[in-house]
Amino acid sequence: MNPEKLSPLDPLIHSRIRLGILSILASVEEATFNYLKETIGTTDGNLSANLMKLEESGYISITKTFSGKKPKTTCRITKKGLDAFRTYLRNLEAYLKFKK
Amino acid sequence: MEELDPEQEIRFIREMIERTRKITAGSWLFLLVWGIVPILAVAGMYTLVALKKFSWIWPNWVFFVTLGIVFSLIYSSTAERKSGIKTYAQNAAAYLARGCGVAFILVGFVFPLMKLYSWGIIPVLISLIAGILIFSLGGLFEWNLLKWCGTLFWLGALGMGFLHENYRALLFIPLIIVGYVTPALVLRSRYKKQSEAHEP
């Protein structure tokens with residue numbers, strides 16, 4: 001395969017935290033902020049910044065509610081985000097095949 | 001910005017997805033409780049029959065089933081809050097369990113009270129519905145053990161047809177031990193292993 005024909009990896013997803021967010025959200029219906037933070041292993045500020053980037057690009061939707069008196073932030077992947085993630089995975093696999 | 005090479009990224013994606021599966025394994029307690037509840041109810045029923053307290057049989061069943069329902073409601077609301085995620089499989093399983101729960105109540109309590117059939121048919125129908133529930137859960141969670149357990153309940157329903165109606169409910173006990181309690185304990189040990197693997 002011609003290396004020039006390899007599609008570039010989406011820079012919005014090509015980051016450990018954003019990749020982690022989309023990997024989790026692609027396999028569940030929704031996930032809370034705290035779950036994402038603990039599973040990916042990052043700080044509140046770092047996660048918030050990355051979630052905002054993904055939300056601004058339309059890859060995820062964020063809902064803020066209350067669980068009793070505690071604020072609860074829930075995230076879901078959008079169709080655009082899921083398509084982008086799938087494309088990312090395909091491009092990643094193509095790159096790995098080329099490397100071999 | 002922390003970047004991973006492509007192979008690391010694939011491993012990372014797999015790890016993230018695997019962690020969401022840990023929550024599914026945490027459902028072992030549901031299976032265990034809904035295995036123990038009918039066993040206790042059946043044991044209670046036969047004890048009451050032996051003591052000739054026939055009028056207590058329905059309250060015995062109502063008591064244990066209500067206990068199971070109350071546990072399910074409390075556990076599902078706290079588990080959902082604690083887990084932090086909602087998976088498609090869990091959602092589908094919850095609806096399936098609720099639907100089968102309604103069927104259990106109709107078949108086990110409402111229809112017999114309406115005298116649509118004799119009480120001797122109840123264990124057969126309950127086994128049939130339990131088979132549907134467990135087999136379908138096996139399909140949802142891609143777990144062959146549950147599919148086999150569901151099939152066992154159907155075979156149990158068939159087998160009950162060859163027993164006198166007085167003894168059909170007794171067959172529930174081995175069916176539930178194999179079909180509910182065993183998968184619950186297997187799931188529990190998986191959950192423990194997963195929790196240990198993901199501890200920092």
Side-chain angles (χ1 to χ4, degrees), chain A residues 6-43 46 49-50 53 63 65-68 70 72-77 82 85-86 88-100, chain B residues 1-27 73-98 137 139-143 190-200:
Chain A
L6 288 172
S7 303
L9 297 175
D10 185 341
L12 195 57
I13 303 177
H14 193 52
S15 135
R16 183 184 162 273
I17 292 170
R18 292 195 291 274
L19 183 61
I21 292 167
L22 291 181
S23 300
I24 292 166
L25 295 182
S27 52
V28 301
E29 226 181 282
E30 62 183 40
T32 61
F33 181 93
N34 284 334
Y35 178 84
L36 290 170
K37 187 181 77 174
E38 283 161 16
T39 308
I40 296 168
T42 185
T43 60
N46 219 343
N50 284 288
K53 273 190 190 150
T63 311
T65 54
F66 282 90
S67 176
K70 283 187 182 173
K72 184 175 154 189
T73 303
T74 311
C75 307
R76 287 179 177 234
I77 196 167
L82 197 56
F85 183 67
R86 283 176 181 157
Y88 188 89
L89 283 179
R90 273 198 302 272
N91 294 342
L92 197 60
E93 281 165 2
Y95 181 82
L96 282 170
K97 273 189 193 153
F98 167 75
K99 247 185 104 179
K100 282 177 185 166
Chain B
M1 193 182 291
E2 195 185 326
E3 285 197 14
L4 306 168
D5 65 41
E7 279 162 359
Q8 285 175 321
E9 286 197 2
I10 294 282
R11 273 200 298 275
F12 181 66
I13 291 165
R14 274 203 190 114
E15 186 194 332
M16 292 296 108
I17 293 170
E18 269 308 306
R19 288 192 185 194
T20 66
R21 291 183 185 218
K22 174 184 140 188
I23 307 298
T24 305
S27 309
L73 289 171
I74 295 171
Y75 182 74
S76 61
S77 67
T78 53
E80 199 176 294
R81 252 202 323 270
K82 275 186 193 171
S83 78
I85 57 170
K86 211 189 265 187
T87 67
Y88 297 104
Q90 277 177 306
N91 214 20
Y95 276 104
L96 180 64
R98 278 173 218 158
L137 287 176
L140 263 174
F141 294 119
E142 294 174 344
W143 196 17
R190 262 196 207 178
Y191 179 66
K192 276 182 122 185
K193 279 184 197 160
Q194 284 173 346
S195 301
E196 280 157 18
H198 292 138
E199 260 162 30

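So you know, we letter chains A, B, ... as the sequences are listed, proteins then strands, and number each from 1.
Between Arg19(B) and Tyr35(A), the shortest heavy-atom distance links the atoms O-OH, 3.5 Å. Pairing each heavy atom of Ile17(B) with each of Ser27(A), the nearest pair is CG1-OG, 4.0 Å. Nearest heavy-atom pair across Glu7(B) and Leu96(A) is CG-CD2, 3.4 Å. What you find for Met16(B) and Gly20(A) is that their closest heavy atoms are CG-CA, 4.1 Å.
With chain B as partner, the option from Glu93(A), Arg76(A), Glu29(A), Glu38(A) having the largest number of non-hydrogen pairs under 4.5 angstrom is Glu29(A).
For the atom pair OG1 (Thr32(A)) and NZ (Lys86(B)), the distance works out to 11.5 Å, reported to the nearest 0.5 Å. Here the straight-line distance linking atom CG of Leu19(A) with atom CD1 of Ile13(B) works out to 4.5 Å at 0.5 Å rounding.
With a 4.5 angstrom heavy-atom cutoff, Phe12(B) touches chain A only via side-chain atoms. No part of Leu22(A) comes within reach of chain B, as not one of its non-hydrogen atoms sits under 4.5 angstrom from that chain.
No side-chain heavy atom of Ile85(B) sits less than 4.5 Å from a side-chain heavy atom of Thr39(A). Residues Glu9(B) and Tyr95(A) form no side-chain contact, since every pair of their non-hydrogen atoms from C-beta on lies 4.5 Å or further apart.
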